[in-house]
Amino acid sequence: LAAFLLLLVSNLTPPVDPKKPAPQAYSRVSMVDGDTLRVRDNSRSPWQAVRLIGVDAPEKDDIRPALAHLEQEARRRLQETTAGGITLAPDAGAGDMDSYKRWLRYVEANGEDVSEILLREGLERVYRRFDYSRKTRYLAAEAEARRNRNGIWSDIAVTARAECMTVRDLFPKNGPEWWLDDQGVLH
């Protein structure tokens, strides 16, 4: 009977896809900015850059003070939420690496999706251009930040973006990422 139950349970276990990397835990984490970090598994291994899947944070070199401040806040918050270590989870639809050789991963800390936290706080925005499995959740988190006017969706940040807007900002090569609605609100 025990052999039969063991056989039954082993047949219920889903097969492991050898092409898909398994989630990995890391305790050594270093911040690059609000959507990129570096990890290594021990003190002698090289650092590996990791780009958070599906999100974009304000850039370090933004000349607009309101947005430069938000980049610092996004980086600080990312560091704060990952201080106890992280788990990196892949997404088959997003690919393994980007063009800069950064791993593309979801970052989880204490059982929570770090990007979802930062999206709700308005410290990141959703990358709409690509497909990935958590896109619907991320869009809902961003919508909450917009409603609450958190972070990049605050009045001062929207004004800063609008004042420096160019045609390229409105119509980038792969479709609009930011746009003005008929009330002049930047999205």
Side-chain angles (χ1 to χ4, degrees), residues 23 25-26 29-39 49-62 64-95 97-98 100 102-162 164-165 169-170 172 174-181 185-187:
Y26 291 89
V29 182
S30 168
M31 300 309 113
V32 175
D33 58 25
D35 54 36
T36 305
L37 47 84
R38 294 179 303 177
V39 297
V50 179
R51 177 68 166 79
L52 280 65
I53 295 174
V55 296
D56 189 31
E59 299 301 324
K60 280 196 254 191
D61 58 357
D62 201 306
R64 298 163 286 186
L67 296 183
H69 165 73
L70 288 170
E71 182 280 327
Q72 293 168 1
E73 181 63 17
R75 186 169 10 110
R76 185 200 62 75
R77 190 67 172 111
L78 182 60
Q79 184 170 15
E80 183 180 284
T81 57
T82 60
I86 62 171
T87 300
L88 299 179
D91 185 310
M97 287 192 164
D98 68 6
Y100 299 103
R102 298 177 295 189
W103 288 346
L104 296 172
R105 300 289 189 271
Y106 295 114
V107 176
E108 297 166 355
N110 300 317
E112 292 188 78
D113 184 322
V114 172
S115 288
E116 202 166 346
I117 293 168
L118 271 67
L119 283 164
R120 278 187 181 19
E121 294 175 4
L123 298 173
E124 294 178 338
R125 67 182 177 99
V126 174
Y127 239 142
R128 290 166 168 74
R129 187 169 33 186
F130 304 107
D131 288 325
Y132 46 93
S133 63
R134 298 184 187 181
K135 192 174 200 175
T136 302
R137 286 174 37 191
Y138 285 6
L139 288 167
E142 181 184 282
E144 181 181 321
R146 285 176 184 235
R147 274 191 310 276
N148 295 328
R149 297 188 181 279
N150 293 339
I152 60 176
W153 310 111
S154 68
D155 292 338
I156 192 166
V158 169
T159 301
R161 285 197 314 268
C164 295
M165 189 171 289
D169 292 328
L170 289 172
N174 294 320
E177 286 286 330
W178 303 102
W179 67 93
L180 288 170
D181 65 18
V185 176
L186 189 64
H187 297 274

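Just so we're clear, the structure is a prediction, and the values are computed from it rather than from any experiment.
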| task | Give, for atom CD of E116 and atom CD of E144, the distance between the pair rounded to the nearest 0.5 Å. | result | 9.0 Å

| Is a donor on one side and an acceptor on the other found under 3.5 Å between the side chain of K135 and the backbone of G54? | no

| said: Would you compute the distance between atom CG of D113 and atom CD of E108 and round it to the nearest 0.5 angstrom? | reply: 6.0 Å

| request: Verify, without hydrogens or angle tests, whether R146 (side chain) and N150 (backbone) share a donor-acceptor contact under 3.5 angstrom. | output: no

| request: Give the intermediate values and the outcome of side-chain contact (heavy atoms from CB on, under 4.5 Å) for residues L78 and L118. | output: CA-CA 8 Å; L78 182 60; L118 271 67; 4.2 Å; yes

| query | Of Q72, E71, Q79, which meets side-chain hydrogen bond (donor to acceptor under 3.5 Å, both in side chains) against R75? | reply | E71

| query | Below 4.5 Å, heavy atoms only, C-beta onward: do L52 and T36 meet side chain to side chain? | reply | no

| said: Could you check whether any side-chain heavy atom of W103 comes within less than 4.5 Å of a side-chain heavy atom of L88, counting everything from C-beta outward? | reply: yes

| message | Just so I know, are the side chains of R128 and L139 near enough to count as touching, which here means a heavy-atom distance under 4.5 Å? | response | yes

| query | What's the shortest heavy-atom distance between A145 and L119, and which atoms? | reply | CB-O, 3.1 Å

| said: Can you confirm if the NZ or CZ of R134 lies within 45° of the ring axis of Y106 and under 6.0 Å from the centre of its six-membered ring? | reply: yes

| query | Is it true that a side-chain atom of D91 and a backbone atom of S133 form a donor plus acceptor pair closer than 3.5 Å? | reply | yes

| said: Would you compute the distance between atom CG of D56 and atom CD of E124 and round it to the nearest 0.5 angstrom? | reply: 8.5 Å

| Shortest non-hydrogen contact from A109 to T81? | CB-O, 3.1 Å

| message | Within the 4.5 Å heavy-atom criterion, are R102 and V50 side-chain neighbours or not? | response | no

| field | From E73 atom CD to E80 atom CD, the distance as rounded to the nearest 0.5 Å | value | 8.0 Å

| message | Working note: R125 + W153, criterion side-chain contact (heavy atoms from CB on, under 4.5 Å); need CA distance, chi angles, decisive distance, verdict. | response | CA-CA 9 Å; R125 67 182 177 99; W153 310 111; 3.9 Å; yes

| A57 to A74 - nearest heavy-atom pair and separation | CB-CB, 4.3 Å

| Can you check whether D35's main-chain N or O pairs, donor with acceptor, with D33's side chain at less than 3.5 Å? | yes

| said: What I'd like to find out is whether the side chain of R77 reaches to under 4.5 Å of the side chain of I117, using heavy atoms alone. | reply: yes

| message | Return the CD to CZ distance between E142 and R120, rounded to the nearest 0.5 Å. | response | 11.5 Å

| T82 and M31, any side-chain heavy atoms less than 4.5 Å apart | yes

| query | In terms of the angle between their ring planes, are Y138 and Y132 parallel, tilted or perpendicular, with boundaries placed at 30° and 60°? | reply | tilted

| said: Any heavy-atom pair between the side chains of P58 and I152 that's under 4.5 Å? | reply: yes

| said: Using 0.5 Å steps for rounding, measure from the CG atom of L104 to the CD1 atom of I53. | reply: 5.5 Å

| Counting only heavy atoms not in N148, do more than 12 fall under 6.0 Å of its CG? | yes

